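Everything on this sheet refers to the single structure shown next.
Keep in mind the model is a prediction, meaning the values are calculated, not measured. Lettering follows sequence order; numbering is per chain, from 1.
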There are 2 protein chains.
Amino acid sequence: MKKYNVAVVGATGLVGREMLKTLSQRDFPINELKVIASERSEGKKIQFEDRELTVETVKEGTFEGIDIALFSAGSGVSKKIAPQVKSAGGIVIDNSNAFRMDSDAPLVVPEVNGEDLKNHKQIIANPNCSTIQMVMLLKPLAVKYGLKRLVINTYQAVSGAGKKAVDELIEQTKSYLNKEEIKNDNFNHQIAFNAIPQIDIFLDNDYTKEEMKMINETHKILHNPELPVTATCVRIPVIFGHGESLNIELNSNFKIEDIKELFAQTENVSVIDDPAAEKYPLQIDTENNDDVLVGRIRRDNSVESGINLWLTANNLRKGAALNAVQIAEYLIENDLV
Amino acid sequence: MKKYNVAVVGATGLVGREMLKTLSQRDFPINELKVIASERSEGKKIQFEDRELTVETVKEGTFEGIDIALFSAGSGVSKKIAPQVKSAGGIVIDNSNAFRMDSDAPLVVPEVNGEDLKNHKQIIANPNCSTIQMVMLLKPLAVKYGLKRLVINTYQAVSGAGKKAVDELIEQTKSYLNKEEIKNDNFNHQIAFNAIPQIDIFLDNDYTKEEMKMINETHKILHNPELPVTATCVRIPVIFGHGESLNIELNSNFKIEDIKELFAQTENVSVIDDPAAEKYPLQIDTENNDDVLVGRIRRDNSVESGINLWLTANNLRKGAALNAVQIAEYLIENDLV
């Protein structure tokens with residue numbers, strides 16, 4: 001089997017480390033592996049299986065011979081450095097927001113729109129974490145019933161904002177318990193024992209960038225730019241795993257049992273929906289489960305053909321690192337590298 | 001000024017203590033004050049201004065001469081004991097779910113439907129905490145624009161489940177930080193650093209009782225039993241203050257600025273809505289603010305005449321104790337005692 005030269009850019013961050021873990025867990029066919037980060041981390045050692053890797057910064061020639069570079073180092077770095085990979089002949093799979101809405105860059109969840117990779121131009125965008133887990137459920141509904149309108153509310157983990165955000169939640173929590181002053185640096189408000197109805201910056205329409213990502217990326221991934229979608233994104237004091245509440249209007253009638261069966265048959269989706277036993281998806285359940293978990297599936301009688309459901313998924317795995325690695329796997333399987 | 005004989009039933013609970021605090025803060029015209037709880041608390045002393053009160057249990061004659069009894073001792077106690085108050089000639093203002101949907105019992109938020117108290121039959125119901133804060137905003141919208149449909153998502157504090165629930169969140173949080181086993185007794189799942197998409201028990205339609213309370217109580221309070229409403233209620237690891245995300249379809253067109261102005265002019269509502277300064281309502285803001293706080297008011301372009309907004313309020317104050325005391329004040333001011 002052919003092996004590939006792989007680079008992970010942002011290798012020391014929460015998502016970067018998860019990318020390395022995922023490559024190993026899934027036995028990705030790796031020849032050379034480069035781990036790249038900022039100067040702050042240069043020279044650090046990272047163990048990958050039986051290899052001891054040394055963190056490099058980007059220099060001239062860094063990407064020579066690289067087949068696939070997985071990026072998770074923020075939008076600024078991606079914009080600056082991804083073109084270097086492309087010039088050197090490699091493919092970028094970028095976890096940032098830099099290229100997601102570029103018409104040249106496929107925005108892909110392999111189970112949903114993997115075929116969009118067939119026209120890639122060496123830069124491929126990984127969608128926003130909260131979008132990825134949602135479209136995994138919207139796609140089968142779109143195919144079988146058609147989507148009419150979508151109201152999204154999120155309950156997002158702090159790890160979506162990186163390691164510093166996780167540390168701040170922990171520090172603030174300790175301060176609260178010790179009745180000490182609560183300091184915030186990464187978040188603009190207290191996050192311990194509080195919720196913040198803002199993720200990313202505000203845009204001119206008073207939506208946050210995170211909310212507009214969910215709307216615009218859903219349009220692009222589902223090839224349905226006119227789909228009416230609205231979103232409210234909220235950060236809650238949870239460390240790992242995003243929760244989402246979806247209110248969906250479908251275009252045609254349905255039986256709730258058929259929808260549960262549809263999800264049960266959907267690849268990489270697990271239905272956890274047993275109200276009598278008080279079982280439904282939890283964010284803590286996603287720590288060791290790479291599936292999108294869906295439950296609380298019930299008819300919404302306030303509208304024709306409406307349903308409510310609740311889903312959780314691991315925002316660092318399916319929401320980021322795993323999806324990026326799955327894109328790389330799809331490229332290999334379909335001779336697109 | 002006439003003074004009244006008042007009893008607080010469930011005086012040692014989170015809401016009961018808040019009722020006593022509220023009575024004092026608002027200089028409620030009290031003659032005799034009885035504090036009543038279960039046998040477990042009998043004989044305990046409670047300081048109320050310059051009075052030292054002794055906790056009593058309910059005995060024959062306990063409610064003789066009582067004008068107003070504020071109940072917060074759970075639905076079972078209310079069903080059993082409220083009729084005794086009524087027989088003795090007093091009025092019950094009950095914070096439990098026991099009488100809310102009884103056609104004989106007004107279900108009242110004074111700013112919204114105080115006039116419903118005029119036909120009271122001595123038992124008056126205080127709505128569910130998450131309903132109270134929401135209808136404070138729905139009423140002015142209903143009057144000015146008419147309501148077409150409502151999609152509710154809640155982000156509710158653990159204090160809504162009582163003192164034991166608060167203690168459990170704190171204990172679980174400490175256990176998590178100390179890498180110790182997390183025990184749950186009050187909640188059916190871990191609540192520390194997690195969200196639980198279930199509040200109260202499940203009903204036959206797979207909605208929780210909390211969700212159906214929000215739907216049914218809204219219908220009753222707004223005198224609009226056909227209003228299409230759906231709800232998803234989620235407990236998050238916040239101690240005090242409920243957050244809610246509302247997606248509202250109105251019956252007529254509006255300007256967003258007019259809606260902000262309408263809320264700004266609504267009694268006991270504060271608008272905190274300045275995206276440029278990253279200001280919006282937080283749950284921690286409700287600790288020392290009795291208003292319903294509303295922000296993130298923005299047009300929902302996914303539907304005609306749609307808006308999204310985010311609100312927070314103190315679930316123990318406006319959501320429970322304060323609203324109950326306001327009902328008592330309304331009764332006095334309108335000669336309904």
Side-chain angles (χ1 to χ4, degrees), chain A residues 149-151 153 155 157 169-170 173-174 176-177 188-190 192-198 201-203 205-208 215 227-232 234 236-241 243 245 247 256 273 275-276 278 280-284 295-303 306 308-310 312, chain B residues 149-151 153 155 157 169-170 173-174 176-177 188-190 192-198 201-203 205-208 215 227-232 234 236-241 243 245 247 256 273 275-276 278 280-284 295-303 306 308-310 312:
Chain A
R149 179 177 175 237
L150 180 60
V151 179
N153 279 269
Y155 299 69
L169 170 60
I170 298 295
T173 302
K174 287 179 183 167
Y176 183 97
L177 295 175
N188 49 3
H189 300 282
Q190 177 183 326
F193 302 113
N194 195 29
I196 302 177
Q198 178 193 353
I201 59 171
F202 278 101
L203 303 175
N205 64 358
D206 288 349
Y207 282 76
T208 59
I215 296 169
L227 178 66
V229 182
T230 192
T232 299
V234 181
I236 66 170
V238 164
I239 300 175
F240 298 109
S245 167
N247 178 268
I256 277 289
D273 197 356
E278 303 192 330
Y280 30 71
L282 298 173
Q283 275 140 286
I284 52 171
R296 301 237 41 219
I297 303 163
R298 60 211 196 277
R299 187 174 293 275
D300 166 11
N301 287 311
S302 79
V303 75
N308 286 307
L309 55 83
W310 168 260
T312 67
Chain B
R149 181 178 173 234
L150 179 61
V151 179
N153 279 269
Y155 299 68
L169 170 60
I170 299 294
T173 302
K174 288 178 183 169
Y176 184 95
L177 295 175
N188 49 5
H189 300 283
Q190 177 184 327
F193 302 111
N194 194 29
I196 302 177
Q198 178 193 353
I201 58 172
F202 278 101
L203 303 175
N205 63 359
D206 288 348
Y207 282 77
T208 59
I215 297 169
L227 177 66
V229 183
T230 192
T232 299
V234 181
I236 65 170
V238 164
I239 300 173
F240 299 109
S245 168
N247 178 268
I256 277 288
D273 197 357
E278 303 193 328
Y280 29 72
L282 297 173
Q283 274 141 287
I284 52 170
R296 302 241 37 223
I297 302 163
R298 60 210 196 278
R299 187 173 294 275
D300 167 11
N301 287 312
S302 79
V303 74
N308 285 307
L309 55 83
W310 168 261
T312 66

Answer yes if the side chains of Arg298(A) and Thr230(B) hold a donor-acceptor pair under 3.5 Å, and no otherwise. no
Shortest non-hydrogen separation from Pro228(A) to Ser302(B) and the atoms involved: CB-O, 3.2 Å
Apply side chain to side chain contact (heavy atoms under 4.5 Å, CB included) to residues Asn247(A) and Asn247(B) and explain how you reach the verdict. CA-CA 10 Å; Asn247(A) 178 268; Asn247(B) 178 268; over 6 Å; no
Look at Lys174(B), Arg299(B), Gln283(B), Gln198(B) and state which one has the largest set of heavy-atom pairs under 4.5 Å with chain A. Gln198(B)
So what's closer than 4.5 Å to chain B heavy atoms on Ala231(A): side chain, backbone, both or neither? backbone
Can you list the steps and then say if Arg296(A) with Val234(B) is a side chain to side chain contact (heavy atoms under 4.5 Å, CB included)? CA-CA 11 Å; Arg296(A) 301 237 41 219; Val234(B) 181; over 6 Å; no
Residue, of Asn205(B), Asp273(B), Asn308(B), Ile201(B), that accumulates the most heavy atom pairs under 4.5 Å with chain A: Asn308(B)
Using a cut-off of under 4.5 Å for heavy-atom pairs, which of Thr173(B), Leu150(B), Thr312(B) has the most such pairs with chain A? Thr173(B)
Which heavy atom of Ile297(B) sits nearest a heavy atom of Asp206(A), and at what distance? O-OD2, 4.5 Å
Working to the nearest 0.5 Å, report the span between CD1 of Ile170(B) and OH of Tyr176(A). 5.5 Å
Run the ring-ring contact (aromatic ring centres under 6.0 Å, His included) test against Phe240(B) and tell me which residues pass, sequence neighbours left out. none
Which residue out of Gly243(A), Ala195(A), Gly241(A) racks up the most heavy-atom pairs below 4.5 Å with chain B? Ala195(A)
Kindly give the heavy-atom pair with the smallest separation between Pro281(B) and Pro197(A), and that separation in Å. O-CG, 3.9 Å
Side chain from CB out, backbone as N, CA, C, O: work out which of these in Leu169(B) comes under 4.5 Å of a heavy atom of chain A, or both, or neither. side chain
What residue in Ile215(B), Leu227(B), Ile256(B), Val151(B) has the most heavy-atom pairs under 4.5 Å with chain A? Val151(B)
So CD1 of Ile236(B) and OH of Tyr155(A): to nearest 0.5 Å the spacing works out to 8.0 Å
Applying side chain to side chain contact (heavy atoms under 4.5 Å, CB included) to Asn153(A) and Thr232(B), what does each step give before you reach the verdict? CA-CA 10 Å; Asn153(A) 279 269; Thr232(B) 299; over 6 Å; no
Distance in Å, Tyr280(B) OH paired with His189(A) NE2, rounded so as to fall on 0.5 Å steps: 3.5 Å
Nearest non-hydrogen partners of Phe193(B) and Ile284(A), listed with the distance: O-CG2, 3.9 Å
Contacting moiety of Asn194(A), where chain B heavy atoms sit under 4.5 Å: both
